[in-house]
Every structure is written in structure tokens, then in C-alpha cells.
Amino acid sequence: MISKIFKHSQSDAVPSARSKILPNLSREQVGDNVPRRGNKVSPIIGSWLMKTAGWRTVGEIPNISQAVVLALPHTSNVDGVYAIPSLFALDLKISIMGKHTLFKIPVLAQLMRWLGIIPINREAKGSVLQASIDKFKNNKTLFLGLAPEGTRKYTDSWKTGFYYLAVGANVPILPVALDYNTKEVRFLEMVYPTGNIEEDLPKIYAQYGGVMPYHPERLSQPLQDVNRAFKG
């Protein structure tokens, strides 16, 4: 299965000048304030997988300890085949939220914590947004990954919880793109939310111009609009 996915990625890619805009990103360029896995083996495995797939990681990660990380576009489970090895290669730890009930099994809980999954009780009193803000308050180092599209299918808008989370936790937003055209995991320019979502969202949208997802027909409407403007 993995070999078929890698073959698809290599044969279907179309050269693009976009790949020349951002420099290659390596583990040595990630600062000591950024959350790290601290594992010596996973970076070697991750780098080998990325090289085998013909993919690379580009851009820059500011040397900060907290951020809301956006994973876009997300149109297929295949995205993880490239995203996860990229994070391993950088020795970068990006956490995601998981149901707290999954942590009741000790062995599974240990694995999930190693993967960067942190428990959240969606049924507890109070909002999930406030619970997520509290995660930042209780963790000095935390890159929390979110997929604003909220689905792997087409959607006409993004869920904006990520924005209000960043505002509430007083942390920046780090957009990341998976581009199947250039075969890049692309760390884009950091956005510091002002509290004015109408002004800040277009700054995030614009950075995804020209990005090609695994399933182009499932691309969310905001990114379709950006791509249309990018090509025009």
C-alpha cells in the first residue's frame, strides 16, 4: 500500500516554481524552544521515508514554544503518509486532541502520548475551546495541530475555532501546507492574530495559493478561491 502511494506521488507531480520560494528545512534548523520529540531513531526513519517518497520539507519554524498549527489542505488519509515522516525527520512534536476515553487503556495511552495526542473530555462542563486554551496555559511547550476544514470532503468554509483558540491562548498561528504538485510539506509564514478575524483570515488563505491537495475536487471553497486568484 505504502509503495503504491509513493509511486502515485512521484509520477503525478508537476514541476512548479513554488518549490523554489522556500528553502529546505532540516532538523538542525529547528530551534531549541520548539517542542521536540527527543528521539534519535525517528528522525532517521522519517528522513529515509521522505527521501524514498521523493518529498521534502521546506520553509521556516520560528524558535517559539507555543503555536496553533494548521494542517491544510486535508482531503485524504494519505496526507499522514507524508506529514508524519516529515515531523519525525524534524524531530518536531505537534500534538493533536483525542477523546479522553481512549487513554483508559494504559498501553494505548502510552502510545498515544508518544504520538503527541493529548486527552480532552468533550462532555465535561465548559467549552472545548476553553479546554484547549487551558492546554496552552498548562503546557509551557505546545504546538497544537488542527485541521480547520473539519472534514476530508469539500466544505464551503473553515471552522474558525482555531482562530479563537489562538486569540484566547495568546499564541501565533503557523500554517502548514501539503502540496502534491511540488511534493512538499511547506511551513508557511507565522500569523499573529489581532482579534479581527475578517482581516486575519485572508492573510492565512493567501499563503495557500497554488497548493495542490491529494483530491483536488475536495478542496475547500476558501482555498479554491485562493487558487483561482493565484492562477489568474
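All residue numbers refer to positions in the sequence shown, counting from 1. Heavy-atom basis, side chains included; hydrogens, waters and symmetry copies ignored.
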Can you find a side-chain donor-acceptor pair between [X] and [Y] that sits under 3.5 Å?
X	Y	value
Gln29	Ser26	yes
Tyr192	Asn170	no
Asp200	Thr194	yes
Ser86	Trp55	no

- Query: Is the number of heavy atoms from other residues, nucleotides or ligands under 6.0 Å of Glu189 CD greater than 12?
  - Reply: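 It does not: Glu189 CD has 12 such atoms or fewer within range.
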- Around atom CD1 of Ile64, are there more than 12 heavy atoms of other residues, nucleotides or ligands at under 6.0 Å?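 Counting other residues, nucleotides and ligands, CD1 of Ile64 exceeds 12 neighbours.
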[X] side-chain N/O to [Y] backbone N/O, donor-acceptor pair under 3.5 Å:
X	Y	result
Asn24	Arg56	no
Asn227	Gly210	yes
Asn39	Ser42	yes
Arg152	Ser76	no
Thr141	Ser65	no
Asp91	Pro43	no

- Message: If you compare all heavy atoms of Leu223 against all heavy atoms of Glu149, which two are closest, and at what distance to 0.1 Å?
- Response: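 Leu223 and Glu149 have their closest heavy atoms at CD1-OE2, 4.0 Å.
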- What's the shortest heavy-atom distance between Asp79 and Pro73, and which atoms?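 Distance-wise, the nearest heavy atoms are OD2-O, 3.7 Å.
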- Query: Between Trp48 and Phe88, does the ring centre distance come in under 6.0 Å?
  - Reply: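 When the ring centroids of Trp48 and Phe88 are compared, they turn out to be at least 6.0 Å apart.
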- Near-ring test Tyr163/Trp158, centroid separation under 6.0 angstrom: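 Ring centres of Tyr163 and Trp158 not closer than 6.0 Å.
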- Message: Side chains of Pro175 and Tyr208, heavy atoms from C-beta outward: is any pair under 4.5 Å?
- Response: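 Yes, close enough: below the 4.5 Å cut-off.
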- Item | Any Leu174 side-chain heavy atom under 4.5 Å of Phe143 side chain |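 Answer yes - side chains close enough.
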- Item | Approximate separation, where rounding is to 0.5 Å, of Leu165 CG and Ile133 CD1 |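 The CG atom of Leu165 sits 6.0 Å away from the CD1 atom of Ile133.
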